[in-house]
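Chain letters run A, B, ... following the sequence lines, proteins first, then strands; residues in each count from 1.
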Protein chains: 2
Amino acid sequence: MRKNTKQRSMVYEELKSRYDHPTPEELYYAIKPKYPKISIATIYRNLRILAEEGKVIEIKSDKNVLRYDAKTEPHYHFKCTNCSAVLDLDIAYNKELDEELNKKGYKVNYHSIIFYGLCPNCAK
Amino acid sequence: MRKNTKQRSMVYEELKSRYDHPTPEELYYAIKPKYPKISIATIYRNLRILAEEGKVIEIKSDKNVLRYDAKTEPHYHFKCTNCSAVLDLDIAYNKELDEELNKKGYKVNYHSIIFYGLCPNCAK
DNA sequence: GTAAGTGCAAACCTTTTGCAAACAA
DNA sequence: TTGTTTGCAAAAGGTTTGCACTTAC
């Protein structure tokens with residue numbers, strides 16, 4: 001049975017309050033001032049739990065770091081190769097792609113799309 | 001000026017000979033028997049060089065590991081959540097998506113799509 | 001009271017780096 | 001010859017784990 005802890009809800013609330021898809025380390029440094037005794041291990045453990053519960057999503061946009069997103073409706077991302085920002089896109093999720101593969105014998109859960117290039121700011 | 005080394009061409013040839021999108025470590029253990037004194041650092045360095053040269057592609061399908069692909073024409077991937085295989089898909093690359101974003105001020109290089117679910121084998 | 005969660009430090013795993021020796025051009 | 005690459009070992013990142021203590025229920 002899962003318990004509600006202050007630490008877990010702080011991780012979740014922090015994530016819901018921002019749209020920059022932070023890494024575990026970034027979350028740690030954001031929460032630390034509000035709750036100085038929190039440990040980075042707690043951040044990791046809770047991110048894993050929240051992801052298992054489907055409350056947050058993992059974004060594999062970077063080479064060696066995972067990023068997290070509390071917006072769980074299927075959506076796509078843009079990774080700027082200049083400023084490193086990861087942005088949400090408002091392109092509609094394409095269910096037909098999943099169905100196309102299901103017809104071929106796959107059983108698709110979801111798909112992720114990540115665009116790489118320059119964001120509008122850096123493209124100027 | 002770049003030199004041609006036996007090690008670099010072995011990494012590239014190994015990658016071209018297989019379709020399972022190996023990790024650096026998997027490449028290391030594949031090449032080691034043929035060239036026992038090769039170092040894992042050399043694998044990493046050459047993968048980076050080959051990626052810079054556009055001869056191989058990095059696939060961010062896993063949490064903590066990069067996978068590599070010597071098939072450089074844009075294409076999409078399927079990651080099986082059961083057997084962990086990463087498969088090439090023959091869905092056409094959707095250039096319109098890139099153009100759609102370009103119209104909105106982005107400057108898209110390319111996009112990657114990764115599907116998650118069960119591959120035809122595991123779906124049975 | 002008790003099982004779940006925490007903090008800390010150590011361990012782990014993957015990737016990068018410094019450096020002297022080896023090698024391609 | 002000389003600038004690049006290699007192998008090795010050490011270091012650096014990022015993530016996980018063991019354990020005693022704390023907390024939610």
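- Residue A:Lys3 places its side chain closer to C:dG5 than to any other of C:dG5, C:dT16, D:dG7.
- For B:Arg48, the side-chain atoms get nearest to C:dT16 when compared with the rest of C:dT14, C:dT16, D:dT15.
- Residue B:Gln7 places no side-chain N or O under 4.0 Å from the OP1 or OP2 atom of C:dC23.
- Among D:dG7, D:dT5, C:dT6, the nucleotide with an atom closest to any side-chain atom of B:Arg8 is D:dT5.
- In this structure, A:Arg67 atom CZ and D:dG13 atom P are separated by 16 Å, rounded to whole Å.
- One interatomic measurement links the two molecules: CD1 of A:Ile31 to C1' of C:dG7, which rounds to 15 Å at whole-angstrom precision.
- Atom C1' of nucleotide C:dT14 and atom OH of B:Tyr29 are separated by 12 Å, given to the nearest angstrom.
- Checking A:Thr5 against B:Arg2, the closest nucleotide of DNA chain D that is more toward the 5' end is the one next to B:Arg2.
- Using a 4.5 Å cut-off on side-chain heavy atoms (C-beta onward), A:Arg8 and A:Thr5 make contact.
- When the P atom of C:dA22 is taken as reference, atom NZ of B:Lys37 falls 10 Å away, rounded to whole Å.
- Using cut-offs of 30° and 60° for the angle between ring planes, the A:His111 and A:Tyr93 rings count as parallel.
- Following rounding to the nearest Å, B:Ile38 (CD1) and C:dC23 (C1') show an atom-to-atom distance of 15 Å.
- Side-chain N/O atoms of B:Thr42 include one lying less than 4.0 angstrom from OP1 or OP2 on D:dG7.
- The nearest heavy atom of DNA chain C to B:Thr23 and to B:Asn4 marks one nucleotide each, and the one closer to the 5' end goes with B:Thr23.
- Note: A:Leu101 CG to A:Lys107 NZ = 12.5 Å, rounded to the nearest 0.5 Å.
- Between A:Ile38 and A:Lys32, the shortest heavy-atom distance links the atoms O-NZ, 3.8 Å.
- Residue contacts shown for B:Tyr35 are limited to sugar-phosphate atoms, with no base heavy atom under 4.0 Å away.
- Residue B:Ile49 contributes atom CD1, which lies 13 Å from atom P of C:dT17 at whole-angstrom precision.
- Within 4.0 Å (heavy atoms only), B:Arg45 reaches at least one base atom of the nucleic acid.
- Residues B:Ile40 and B:Asn64 both approach DNA chain D. Their nearest nucleotides, taken by heavy-atom distance, put B:Ile40 toward the 5′ side.
- One atom, OH of A:Tyr44, and another, C1' of C:dA9, lie 16 Å apart when rounded to the nearest Å.
- Ion pairing between a basic and an acidic side chain is recognised when a charged N comes within 4.0 Å of a carboxylate O; A:Asp20 and A:Arg18 show such pairing.
- A:Leu66 comes within 4.0 angstrom of the backbone, heavy atoms only, and of no base.
- Atom CG of B:Leu47 is separated from atom C1' of C:dT16 by 13 Å (rounded to the nearest Å).
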